[in-house]
Amino acid sequence: METQMESRFSSDKRQSRAGLVDAADGNIGVCGWIILILSAFMAAITFPISIWFCVKIIQEYERAVVFRLGRIISGKAKGPGLMFVLPCTDTFMKVDLRVISFSIPPQEVLTKDSVTTTVDGVVYYNIESAIKAVANVNNVHVATQQLAQTTLRNILGTQTLSNILSNREEIAHNIQSILDNATHKWGVKVDRVEMRDVRLPVQMQRAMAAEAEAAREARAKVVAAEGEMNASRALKEAALVMAESPSALQLRYLQTLNTIAAENNSTIVFPLPIELMQGLLNRK
């Protein structure tokens, strides 16, 4: 079992090495050298006209991958500054190393809890290896965009709607890690991934709004019940204190009369001693 795993690992490793471009191999053969010498000779005899075709300018934020007779030369990308190429034998491609951003089109995703939602985002990346970006993939920008769309759908399909709404940063970081690992062999470095908008169906929005309103009403009723319970306890303690001192009850009675007279001046209050009422009740 271990030998099979080791052989599989070694074969995968050889395939991964074969998939990358060997930039250091610049052997063009005898015929290649003959063509190269003829090209240099033609450039020399047509000087100074050929100088306009042989000297190229590479910007600070660019790198040039030069192909000589179909092979990448110098082992690394050239630039910035002036670059000399031979006509007829050398071709080159410029690669922009600046950070590039693109928007992920809205993707309809079926979440883990069977809710259909539409999610879009934005990806920021830059090219670290110009040679890999040119030689290992046909169009690095289109490939990165398509991979970002597929990864977004795959990751969100394993999440519930509540996780998508509450853990957007964590999900975006996972998407960034997956994209960075997948595009490393293309010479791409994914700097940042952001989930820009999560759109829900109208019926789902109404259902969530009704659920939130019901939860707020339930919490309000609980708070009101707790307030009434605390008020009743306070009234009970106040009644016990007043029962111990009859004069305190009389003072409270006079204070109530003062409050009523201040708010409603047209109200006439006839004080009736409580002891008189108790005497009448005792006679009955």
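What you are looking at is a predicted structure, and each value in this text was computed from that prediction instead of being measured.
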**Item:** Worked verdict on I175 versus L152 for side chain to side chain contact (heavy atoms under 4.5 Å, CB included)
**Value:** CA-CA 7 Å; I175 296 174; L152 179 65; 3.5 Å; yes
**Message:** What verdict does the side chain to side chain contact (heavy atoms under 4.5 Å, CB included) test give for Q107 and L156, after you've listed the backbone C-alpha separation in whole Å, the side-chain angles of each residue and the deciding distance to 0.1 Å?
**Reply:** CA-CA 10 Å; Q107 305 291 318; L156 296 183; over 6 Å; no
**Item:** Residue pair D120, R199: steps toward the side chain to side chain contact (heavy atoms under 4.5 Å, CB included) verdict
**Value:** CA-CA 9 Å; D120 61 351; R199 302 174 186 175; 4.2 Å; yes
**Message:** Walk me through whether T151 and V193 qualify under side chain to side chain contact (heavy atoms under 4.5 Å, CB included).
**Reply:** CA-CA 11 Å; T151 305; V193 176; over 6 Å; no
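Using the six-membered ring where Trp is involved, H141 and Y125 have ring planes that are tilted, between 30° and 60° apart.
Here CG of N154 is found 8.0 Å from CD1 of I178. Values are rounded to the nearest 0.5 Å. In this structure, I57 CD1 and E62 CD are separated by 11.0 Å, a value rounded to the nearest 0.5 Å. A distance of 6.0 Å separates CZ of R233 from CG of N230, quoted to the nearest 0.5 Å. Taking CG from D113 and CD1 from I164, the interatomic distance works out to 7.5 Å, rounded to the nearest 0.5 Å. Between the NE2 atom of H184 and the NZ atom of K132 there is a distance of 4.5 Å, given to the nearest 0.5 Å. A distance of 11.0 Å separates CG of L179 from CG of N174, quoted to the nearest 0.5 Å.
The closest side-chain heavy-atom distance from R168 to V198 is below 4.5 Å. Contact check for K189 versus D180: side-chain heavy atoms found under the 4.5 Å cut-off. Contact annotation: the side chain of F92 never approaches that of V65 to less than 4.5 Å [non-hydrogen atoms, C-beta and beyond]. Annotation: side chain of L161 is in contact with side chain of L200 (closest heavy-atom distance under 4.5 Å). Counting heavy atoms from C-beta on, the side chains of I58 and K78 never come closer than 4.5 Å. When side chains are defined from C-beta on, D96 does not count as touching K94, because their heavy atoms never get closer than 4.5 Å. For the pair I131/R63, no side-chain contact is recorded, criterion being any heavy-atom separation below 4.5 Å from C-beta on.
Cluster membership check: L165 shares its hydrophobic cluster with I104, using side-chain heavy-atom separations under 4.5 Å among Ile, Leu, Val, Met, Phe, Trp and Tyr. Linking Ile, Leu, Val, Met, Phe, Trp and Tyr residues whenever their side-chain heavy atoms come within less than 4.5 Å leaves L82 and Y61 in two separate clusters. At a threshold of 4.5 Å between side-chain heavy atoms, the hydrophobic network of Ile, Leu, Val, Met, Phe, Trp and Tyr places V140 and M93 in one connected group. When hydrophobic clusters are built by joining Ile, Leu, Val, Met, Phe, Trp and Tyr residues whose side-chain heavy atoms come closer than 4.5 Å, directly or via intermediates, I45 is not grouped with I37. Follow the hydrophobic side-chain contacts under 4.5 Å out from M229 and you never reach L235; the two are in separate clusters.
S114 contributes no side-chain N or O that, together with a main-chain N or O of L110, makes up a donor-acceptor pair within less than 3.5 Å. A donor-acceptor pair under 3.5 Å links the side-chain atoms of Q176 to the main chain of D191, judged by distance alone.
Closest of all the heavy-atom pairs between V109 and G157 is CG1-N, 3.8 Å. The heavy-atom pair separating A64 from M83 by the smallest distance is CB-SD, 3.7 Å.
Residue V122 shares its hydrophobic cluster (ILVMFWY side chains chained together at separations under 4.5 Å) with V99, Y124.
Atom CZ of R192 has 12 or fewer heavy atoms from other residues, nucleotides or ligands within 6.0 Å. Summarising the local packing, CG of N138 is surrounded by 12 or fewer heavy atoms from other residues, nucleotides or ligands at distances under 6.0 Å.
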